[in-house]
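A short write-up of the structure that comes next.
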Amino acid sequence: MLRSETIPELDRAEARLPQWMTGVAAAATLAVLVSGHLRQAAGFALGATLAIVNYYWLHQVIETLLRTTGARVPKAVLLKFCLRYPLAFAGVYLVYRSHWLSMTAIFAGLFVPVAGALIEAVVQIKNGFRIQGA
């Protein structure tokens, strides 16, 4: 069972996760851009943007479902849930067919939420050691 003082920490961790994702996306895009690979930087930025928007929409759907007491879910939330993957696939397919951007860079950008979660995991481990040592 969770102690009452851990709940605010979980809320803070949930609030930090999008910040980590945005920071990783910006830093990696800038690093690739500085290395002189404009198409790869744009591809990474596109993949990261798709992943972050997907995270926000999924987060909104889950929060709405957890707060909904009735049997009806708002149509806008349901629409976002249903359109997440078709829109992402359509965008990636369009880029693939047109060869505008690097597909490898787009796929790398799709892993930005994983990097954000790993950074938050390290922060949580560090906080856990700090609490244990106190």
Side-chain angles (χ1 to χ4, degrees):
M1 180 166 252
L2 290 174
R3 295 180 308 179
S4 61
E5 59 265 5
T6 61
I7 299 299
E9 180 56 34
L10 293 176
D11 291 339
R12 286 192 294 274
E14 184 179 346
R16 282 191 303 258
L17 191 55
Q19 296 169 355
W20 291 128
M21 289 187 287
T22 303
V24 166
T29 301
L30 185 62
V32 175
L33 192 59
V34 166
S35 72
H37 298 97
L38 179 62
R39 283 181 37 161
Q40 284 79 5
F44 185 86
L46 174 64
T49 301
L50 286 172
I52 292 170
V53 167
N54 185 34
Y55 169 82
Y56 274 115
W57 283 3
L58 181 60
H59 188 269
Q60 182 184 19
V61 167
I62 291 171
E63 284 215 341
T64 302
L65 289 175
L66 290 175
R67 279 189 268 125
T68 301
T69 57
R72 297 191 49 94
V73 176
K75 288 184 182 184
V77 172
L78 187 60
L79 186 65
K80 284 181 182 179
F81 182 74
C82 292
L83 289 180
R84 289 179 324 126
Y85 289 121
L87 286 177
F89 287 139
V92 170
Y93 182 74
L94 176 67
V95 170
Y96 171 74
R97 294 294 293 172
S98 65
H99 302 289
W100 287 342
L101 303 172
S102 166
M103 288 302 293
T104 305
I106 292 171
F107 286 129
L110 292 174
F111 284 96
V112 162
V114 174
L118 288 174
I119 292 170
E120 183 57 35
V122 169
V123 169
Q124 290 297 315
I125 291 170
K126 183 189 85 161
N127 288 345
F129 284 130
R130 186 179 67 210
I131 292 170
Q132 293 293 333

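Scanning both residues, N54 and R84, for their nearest heavy atoms gives OD1-NH1, 2.6 Å. Closest approach of V24 and A115 over heavy atoms only: CG1-CB, 3.8 Å. Here the closest non-hydrogen pair linking L101 and A42 is CD2-CB, 3.6 Å. The shortest non-hydrogen separation linking M103 to V92 is CE-CG1, 3.3 Å. When all heavy atoms of I52 and A25 are compared, the closest pair comes out as CD1-CB, 4.2 Å.
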**Item:** Audit row: E120, Q19, side-chain contact (heavy atoms from CB on, under 4.5 Å) steps and yes/no
**Value:** CA-CA 10 Å; E120 183 57 35; Q19 296 169 355; over 6 Å; no
**Message:** If you apply the rule side-chain contact (heavy atoms from CB on, under 4.5 Å), what do you find for R16 with M21, and how did you get there?
**Reply:** CA-CA 9 Å; R16 282 191 303 258; M21 289 187 287; over 6 Å; no
**Request:** Any chance you could lay out the side-chain contact (heavy atoms from CB on, under 4.5 Å) test for W20 and V123, step after step, and finish with the verdict?
**Result:** CA-CA 11 Å; W20 291 128; V123 169; 3.7 Å; yes
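Between F89 and Y93 the shortest side-chain heavy-atom distance does not fall below 4.5 Å. Between F44 and V112 the shortest side-chain heavy-atom distance falls below 4.5 Å.
With Q40 as reference, V32 is the one residue of T29, V32, I106, T104 to meet the side-chain contact (heavy atoms from CB on, under 4.5 Å) rule.
K80 contributes atom NZ, which lies 12.0 Å from atom CG of L58 (distance to the nearest 0.5 angstrom). To the nearest 0.5 Å, atoms CG (L46) and CH2 (W100) are separated by 10.0 Å.
Tracing side-chain contacts under 4.5 Å through hydrophobic residues (I, L, V, M, F, W, Y), one never reaches L110 starting from Y56; they form parts of separate clusters. Taken together through direct or relayed side-chain contacts under 4.5 Å among Ile, Leu, Val, Met, Phe, Trp and Tyr, L87 and Y85 form parts of separate hydrophobic clusters.
With a 6.0 Å radius and a threshold of 12 heavy atoms from other residues, nucleotides or ligands, F111 has its CZ atom at or below the threshold.
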